[in-house]
Amino acid sequence: MDSTIKFTANGERRSVTTDSERALLDVLREDLGLTGAKYGCGERECGACSVLVDGRRAFSWRTPVSKVVGKTVVRVEGLGSGEKLHPVQEAFLAEGAFQCGYCTAGMIIAAVGMLAENPKPTDAQIVAGMDRNICRCCAYPDILRAVRRCAGRNRGAEVRP
Amino acid sequence: MIATKTLSTTRRGFLNVLGAGIVIAVAPETARAQVAPAGGRGRGGGGRGGAGGAKTVAARLHIGQDGIITVMTGKVECGQGARAELTQAAAEELRVGADRVRLVMADTGLAPDDGGTSGSQSTPSTVPAIRRGCSAARGLLVALAARRWEVDAKTLEVRDGKVSDGAAGARSLSYADLAADKDAEKLLAGAIPADVVMTPVESWKVMGTSVARPNGRDIVMGAHHYPSDVSRPGMLYGRVLRAPAYNAKLASVDLGPAKGMTGVVAVQDKDFVGVAATTAFLAERALEAIAKTAKWEDPPAQPSSEALYDYLRERVRGGAPKNPFADEVAKAAKSLRQSYHVAYVQHCPMEPRAAVAEWIDDKLTVWTGTQQPFGVRGALAQALGVAGDRVRVIVPDVGGGFGGKPTGECAVEAARLARGAGKPVSLRWTREEEFTWAYFRPAGVIEAEASLDDRGGLATWNFTNINSGGNEVQSPYRVAKNQARFVGSEPPLRHGSYRALAVTANTFGRESFMDELAVLAGRDPLEFRLAHLEGGRLRTVLEEAARRFDWASRVKDKRADVGVGLACGTDKGSYVAACAEVVADRKAGTFTVTRVCQAYECGKIINPANLMRQVTGAIVMGLGPALREEMRFAGGKILNGNFADYEVPRFADLPELEVHLLDRADLASAGAGETPIIAIAPAVANALFAATGVRVRQMPIRLGKAKAN
Ligand code: FES
Ligand code: FES
C-alpha cells in the first residue's frame with residue numbers, strides 16, 4: 001500500500017509517496033537519487049548500506065522506510081557541508097583508507113556513529129565498533145589508521161607496538 | 001641498491017565528447033595474442049585472464065586548447081590503483097603534475113583496447129604503453145616549438161607542460177598553445193618513432209611517488225557512481241529467474257502473474273526469464289509471483305563438497321599420473337608422500353555484478369562492472385545479435401573484482417531486459433546470486449612425493465596439481481630429479497580466474513611439503529629452503545622476511561601453543577616471503593594468527609603507498625581462504641551463499657602486520673595486485689604445526705581436535 005512518508009535527509013525535508021514496506025536504502029537510491037549508501041549483502045552482515053537514523057547507525061537495506069517517519073537520516077553524501085568534508089571523511093582521504101571504495105560510505109558512517117558515542121576509542125573498541133562492516137579489499141589496516149586519526153591518536157605512519 | 005619501506009599496525013561524466021584539440025595516435029604497444037578469459041566449466045583454471053587485443057591504436061592522448069590533458073586507456077580501476085598509476089605514467093612523460101592529467105578508463109567508445117584488467121598486466125604492459133605514447137607526444141610538441149622558433153629541438157626543455165627555450169630563457173609555449181597550432185594535428189597524427197625514449201628511473205618525478213587515487217575525494221563523499229549507481233531516465237529495475245539448482249532446466253513458467261502487475265514488464269527469451277519494474281521492491285514481488293509458477297526438470301545427481309577431493313582425484317584426465325622417480329624413492333633413505341586440498345572459494349567483491357543497459361535506435365550502451373570491457377562488448381554483440389560497433393561498454397570505477405569479473409553475464413541479462421522493456425534497465429545481482437551464479441576459484445588436490453639424499457637434501461621431487469591450475473607449479477628449489485605438472489579433472493562447479501589463481505594452491509602445497517621435508521631431514525625450515533635456493537630475488541625476500549621477523553631467535557623461543565612458520569613464492573615476476581606466528585587453543589580446537597611479517601619485491605616501485613595497500617590487503621584477504629572461506633555445496637545447490645555462513649576476513653582478524661617493500665630501481669616494475677596473497681596460507685599452516693605438532697594439509701586450515709602428527 002502506498003503512503004506518504006516524511007523524514008529529514010541531511011537537513012532537507014523529504015516526502016515520498018510509496019509502499020511503506022520498501023527498504024530505506026531503495027527509497028534513498030531509487031526515489032531520491034542518493035546513491036552514497038550501497039547494497040552489499042541484504043543480510044545485516046556487511047554494513048555497506050549504513051546510514052545514521054537520529055544519530056545511530058542503521059542498516060538501511062533492512063529498514064522499512066516506514067520506520068524513519070519523522071526521523072533524521074544522515075548519509076555519507078550529507079556529512080560534510082558543501083565542499084567541506086566531515087573530519088572522518090578527511091581522515092579516510094588522508095589515510096587513503098580504501099581500495100575500490102565501495103565499502104567506504106558504510107565505513108565512514110559506522111565510524112561517525114561510533115565516535116559520537118566514544119570520541120577516544122582504543123584499538124579494541126574500534127575493532128569492536130567497526131566489525132560489522134566488511135571491506136572485501138581488506139583495507140582494514142588503513143581504515144583503522146583513519147579512525148585512530150579521528151580520535152587524535154595517530155598521524156600517518158606509526159610505530160610498532 | 002635495495003631500499004625498504006616499512007609499515008606496521010598494531011594487532012588489532014566520464015568525458016563524453018572531447019573538446020577541440022589534437023588526438024595523438026600511439027603505436028599498438030600492448031597488442032598481444034588474444035587469450036580467452038580463464039575459466040569456464042570443464043577447463044583447468046590454468047589461464048591467466050585476458051590479454052591485450054588492441055588492433056591498430058593502443059592508446060590515445062588528447063590535449064585540449066584549454067590545456068586539459070586527457071589520456072585514454074581500456075584498463076579498469078577496481079581498487080587495485082590503476083587509475084593513479086596510469087595517471088602517473090602519463091604525467092611523468094608529459095612533464096606535468098599528476099593533477100593535470102584526466103584519465104578516461106574502460107570506455108569502448110573512447111578508449112583503446114589495452115587488454116583485460118587481469119594477470120597483473122597493467123603495470124608491465126599498460127604503463128609502458130602509456131609512457132611511450134606520452135613521451136612521443138612530448139617529443140612532437142617540442143619539435144613543433146623548435147620549428148616555430150627555428151632552433152634545434154635539443155636545446156629546448158619541457159617543464160610543467162611548457163616548452164621553453166632553455167638557452168635564451170625568454171620564450172615559452174604551453175601544450176595548449178602548441179595544440180592550437182594549425183600544423184599540430186597533422187604533425188601529431190604520425191606514428192610514434194620506434195626509438196621513443198622513456199624517462200629513466202633516476203629522473204622520475206611523478207612515478208615512484210605516492211600519488212593518491214585521483215577520484216578519492218568523490219569516494220569519501222559518496223559521490224562516485226559505481227556501475228550499480230548509474231541511473232538513466234525512465235530506468236527500471238530488473239530481476240532474473242534463477243534455477244533452484246545447477247543444471248536444472250526450466251520446463252514451464254507462467255509470466256501472467258507478473259504481467260498483471262502495474263509497472264512491471266516480464267521478459268522471456270528461451271531459458272532466460274526476468275522482470276523489470278519501476279522499483280526493485282516491485283521487481284522482487286513480480287519475480288516471486290512468477291517463480292511460484294515455474295516448473296523445473298530434476299537436475300542430474302551432482303557431487304557435494306564433502307566428496308569433492310575424491311571426486312576430483314577419480315576423474316583426473318588421463319588417469320592418475322605416476323611418479324617417474326618411483327625407483328629412487330623406493331631406494332631412498334627417507335621419502336615422503338602427501339596430499340593437500342584447497343577448497344573452492346568465492347571472490348565476493350563488495351559490489352555484486354551490476355549493469356545498466358540502454359537501447360537507443362538499435363544501439364546498445366551498457367554501464368557495467370567488468371574487468372574486460374572489450375570482451376564484454378563482444379559477448380553482448382553475440383548474445384543480442386547486434387554488430388559490435390553498435391555496442392558500447394562503459395566501466396565506471398568498480399567496487400572490487402579480484403579476478404571475478406571478466407565476464408558479462410549480468411550485462412547480457414540487463415540488455416535482454418532493456419530490450420524487452422523498451423526502457424533502460426538496472427540489474428544488480430543479489431549477494432546470493434553472486435555466491436551462486438558467479439564462478440569460483442578452482443578447488444584442487446596437490447599430490448606430492450619427494451625423497452632425500454643421505455645428507456638430508458632433496459633428491460627427487462614429484463608434484464601434481466589436480467584441477468586448480470598450472471601457474472607456478474614448478475618449484476623454485478633446486479632438485480636434480482624434478483617433475484611438476486598440472487592435470488585437469490571434471491570440476492563440479494564453474495571456475496575461473498581469481499587473484500593469483502592457482503599460485504595460491506601450488507604455493508600452499510609446495511611450501512607445506514617443504515616444511516614437512518625439513519622436519520623429515522631434521523633441519524630448520526628456513527635453512528632447508530635456503531640450502532635449495534640459488535641466490536636471486538626469491539632468496540632475497542626470504543632472507544629479508546626472516547631477518548625482520550627475527551626468525552633465528554623466534555624458532556628457539558618455545559612457548560606452549562605458540563608457533564612460527566614461513567613460506568615464500570613467486571608469480572608474474574614478483575617475489576614474496578611471509579613469516580607468521582599463531583597461537584593455538586588446543587582445548588577449543590582453534591587458533592589465531594597473531595603476527596605476520598612479509599617481504600615483497602616487484603622491481604621498481606611506481607607508487608609506494610598504493611603498493612603498501614595492495615600488499616596488506618592481499619595478506620588479509622589471503623587469511624580468508626587460509627582460515628575459513630570454503631564453498632559448501634550439495635545436489636547442485638550452494639549451502640553457504642551469504643556472509644553469515646561464508647566468513648570473509650573482518651577487522652577482528654587483523655594480525656599485527658609488518659610489510660617490507662624492497663624497491664629495486666634496477667629492475668622493471670611488475671604488477672603487484674596478486675602475488676602478495678600467495679604466501680600467507682602456507683606460512684600459517686607451518687606455524688600451526690610448530691605450535692601444535694598438528695599438520696593440516698587443507699585450505700581452509702582448521703585445527704579441530706586433531707592429534708599431533
Ligand atoms: S547491505 Fe546492509 S548490511 Fe550488507
Ligand atoms: S575498499 Fe573495496 S570493499 Fe572496502
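We name chains A, B, ... by the order of the sequence lines, and we start the count at 1 in each one. Side chains are part of it too, since the values below use all heavy atoms of this structure and drop only hydrogens, waters and symmetry mates.
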**Student:** Considering only heavy atoms, which portion of B/Pro349 lies under 4.5 Å from any heavy atom of chain A: side chain, backbone, both, or neither?
**Tutor:**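 For B/Pro349, the contact with chain A is made by the backbone alone.
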**Student:** For each of B/Ile619, B/Asp397, B/Thr430, tally heavy-atom pairs with chain A at distances under 4.5 Å, and name the one with the top tally.
**Tutor:**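 Most pairs with chain A among the choices: B/Thr430.
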**Student:** Considering only heavy atoms, which portion of B/Arg285 lies under 4.5 Å from any heavy atom of chain A: side chain, backbone, both, or neither?
**Tutor:**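 Contact with chain A involves the side chain of B/Arg285 alone.
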**Student:** Who wins among B/Glu77, B/Gln80, B/His347 for the most heavy-atom pairs under 4.5 Å with chain A?
**Tutor:**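 Of B/Glu77, B/Gln80, B/His347, B/His347 has the most heavy-atom pairs under 4.5 Å with chain A.
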**Student:** With a 4.5 angstrom heavy-atom cut-off, which part of B/Cys348 approaches chain A: side chain, backbone, both or neither?
**Tutor:**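 For B/Cys348, heavy atoms of backbone and side chain both lie under 4.5 Å from chain A.
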**Student:** Output yes when B/Glu434 and B/Arg428 qualify as a salt bridge under the 4.0 Å nitrogen-oxygen rule, no when they do not.
**Tutor:**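 Salt bridge between B/Glu434 and B/Arg428, a charged N being under 4.0 Å from a carboxylate O: no.
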**Student:** Quick check on B/Arg613 against chain A: is it the side chain, the backbone, both or neither that has a heavy atom closer than 4.5 Å?
**Tutor:**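 Looking at B/Arg613, backbone and side chain both touch chain A.
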**Student:** When you check the side-chain N and O atoms of B/Asn215 and B/Asp218, is any donor under 3.5 Å from an acceptor?
**Tutor:**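 Absent: no donor and acceptor within the cut-off.
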**Student:** Would you call B/Arg595-B/Glu656 a salt bridge at under 4.0 Å N-O?
**Tutor:**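 The answer is yes: the pair qualifies as a salt bridge.
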**Student:** Select one option (side chain, backbone, both, neither) describing which atoms of B/Ala609 are under 4.5 Å from chain A's heavy atoms.
**Tutor:**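 When you check distances to chain A, no heavy atom of B/Ala609 falls under 4.5 Å.
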**Student:** Cation-pi check for B/Trp429 against B/Arg239: NZ or CZ below 6.0 Å from the six-membered ring centre and within 45 degrees of the axis, yes or no?
**Tutor:**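 Relative to the ring axis of B/Trp429, which defines the angle, B/Arg239 lies outside at least one limit.
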**Student:** Answer with side chain, backbone, both or neither: which region of B/Ala212 has an atom nearer than 4.5 Å to a non-hydrogen atom of chain A?
**Tutor:**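 Neither part; nothing is under 4.5 Å.
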**Student:** Which atoms of B/Ser210 are under 4.5 Å from chain A, going by heavy atoms: the side chain, the backbone, both sets, or neither?
**Tutor:**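 For B/Ser210, neither part sits under 4.5 Å from chain A.
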**Student:** Between A/Glu30 and B/Thr279, do the side chains contain a donor N or O and an acceptor N or O under 3.5 Å apart?
**Tutor:**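 Not at all, the side chains of B/Thr279 and A/Glu30 share no donor-acceptor pair under 3.5 Å.
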**Student:** Look at A/Arg75, A/Gln99, A/Arg132, A/Arg29 and state which one has the largest set of heavy-atom pairs under 4.5 Å with chain B.
**Tutor:**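 Heavy-atom pairs under 4.5 Å are most numerous for A/Gln99.
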**Student:** Would you mind checking which part of B/His225 comes under 4.5 Å of any heavy atom in chain A, side chain (CB onward), backbone (N, CA, C, O), both or neither?
**Tutor:**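 Just the side chain, heavy atoms under 4.5 Å.
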**Student:** Flag the one option from A/Arg22, A/Arg44, A/Glu21 with the top tally of heavy-atom pairs under 4.5 Å to chain B.
**Tutor:**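 Between A/Arg22, A/Arg44, A/Glu21, the count favours A/Arg22.
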**Student:** Please classify the contact between A/Ile108 and chain B as side chain, backbone, both or neither, with a heavy-atom cut-off of under 4.5 Å.
**Tutor:**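 Answer is side chain: those atoms of A/Ile108 sit under 4.5 Å from chain B.
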**Student:** Can you say whether A/Asp26 sits under 4.5 Å from chain B via the side chain, the backbone, both, or neither, judging by heavy atoms?
**Tutor:**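 Only the side chain of A/Asp26 comes within 4.5 Å of chain B.
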**Student:** Is A/Glu43 salt-bridged to B/Arg431, cutoff N-O under 4.0 Å?
**Tutor:**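 B/Arg431 and A/Glu43: not salt-bridged.
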**Student:** Between A/Gln125 and chain B, with a heavy-atom cut-off of 4.5 Å, which part of the residue counts as in contact: side chain, backbone, both or neither?
**Tutor:**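 The answer is neither part of A/Gln125.
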**Student:** Give, as side chain, backbone, both or neither, the part of B/Asp229 having an atom under 4.5 angstrom from any heavy atom of chain A.
**Tutor:**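 Contact with chain A is through both the backbone and side chain of B/Asp229.
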**Student:** Give the member of A/Thr35, A/Asp131, A/Asp19 that has the highest number of heavy-atom pairs under 4.5 Å with chain B.
**Tutor:**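 The candidate making the most pairs under 4.5 Å is A/Asp131.
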**Student:** Go through A/Arg57 and A/Ser50 one step at a time and tell me if the side-chain hydrogen bond (donor to acceptor under 3.5 Å, both in side chains) criterion holds.
**Tutor:** CA-CA 6 Å; A/Arg57 187 258 279 274; A/Ser50 298; 2.7 Å; yes
**Student:** Return yes if some donor-acceptor pair links the side-chain N/O of B/Asp653 with the main-chain N/O of B/Arg650 below 3.5 Å, else return no.
**Tutor:**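 Yes; judged by distance alone, with no hydrogens or angles, the pair exists.
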**Student:** At a heavy-atom separation under 4.5 Å, does B/Phe435 approach chain A through its side chain, its backbone, both, or neither?
**Tutor:**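 Contact with chain A involves no heavy atom of B/Phe435 at all.
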**Student:** Whether the B/Tyr646 and B/Glu629 side chains hold a donor-acceptor pair (N or O, under 3.5 Å, no angle test) is what I'd like checked.
**Tutor:**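 Yes, side-chain donor-acceptor contact under 3.5 Å.
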**Student:** At a 4.5 Å cut-off on heavy atoms, which part of A/Glu90 comes close to chain B: side chain, backbone, both, or neither?
**Tutor:**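 No part of A/Glu90 comes within 4.5 Å of chain B.
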**Student:** Is B/Ser426 close to chain A through its backbone or its side chain, or both, or neither, when contacts mean heavy atoms under 4.5 Å?
**Tutor:**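 For B/Ser426, there is no contact with chain A at all, as no heavy atom is under 4.5 Å.
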**Student:** Which one of A/Ala105, A/Gly40, A/Ala37, A/Gly36 has the most heavy-atom pairs closer than 4.5 Å to chain B?
**Tutor:**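 Going by pairs under 4.5 Å, I would pick A/Gly40.
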**Student:** In terms of side-chain heavy atoms, does B/Gln88 have a donor or acceptor partner in B/Asn607 at a distance below 3.5 Å?
**Tutor:**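 There is such a pair between these side chains.
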**Student:** For chain B, which of A/Gly33, A/Gly101, A/Cys100 has the most heavy-atom pairs under 4.5 Å?
**Tutor:**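 The option with the most such pairs is A/Cys100.
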**Student:** Look at B/His224, B/Arg217, B/Met235, B/Arg213 and state which one has the largest set of heavy-atom pairs under 4.5 Å with chain A.
**Tutor:**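 Among the listed options, the one with the most contacts to chain A is B/Arg217.
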**Student:** Is the shortest distance from a Lys or Arg side-chain nitrogen in A/Arg14 or A/Asp31 to a carboxylate oxygen in the other one below 4.0 Å?
**Tutor:**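 A salt bridge is absent here (no side-chain N lies under 4.0 Å from a carboxylate O).
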**Student:** For A/Lys38, is there an ion pair with B/Glu351 - N to carboxylate O distance below 4.0 angstrom?
**Tutor:**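 Salt bridge: no.
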**Student:** Show the nearest heavy-atom pair for residues A/Leu93 and B/Gly216, with the distance to one decimal.
**Tutor:**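 So the minimum-distance heavy-atom pair works out to CD1-C, 3.5 Å.
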**Student:** Could you tell me whether B/Arg499 and B/Glu674 make a salt bridge, using a distance below 4.0 angstrom between a side-chain N and a carboxylate O?
**Tutor:**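 Salt bridge: no.
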**Student:** Chain A heavy atoms under 4.5 Å from B/Ser231: which part of the residue, side chain, backbone, both or neither?
**Tutor:**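 No part of it gets close to chain A.
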**Student:** So which residue, A/Ala48, A/Gly80, A/Gly42, A/Gly96, ends up with the most heavy-atom pairs under 4.5 Å with chain B?
**Tutor:**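 Looking at each option in turn, the highest pair count goes to A/Gly96.
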**Student:** State whether B/Glu432 and B/Arg242 are salt-bridged, where the test is any N-O pair (Lys NZ or Arg NE/NH1/NH2 against Asp/Glu carboxylate O) under 4.0 Å.
**Tutor:**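 Looking at B/Arg242 together with B/Glu432, the answer is no, because their closest N to O distance does not fall below 4.0 Å.
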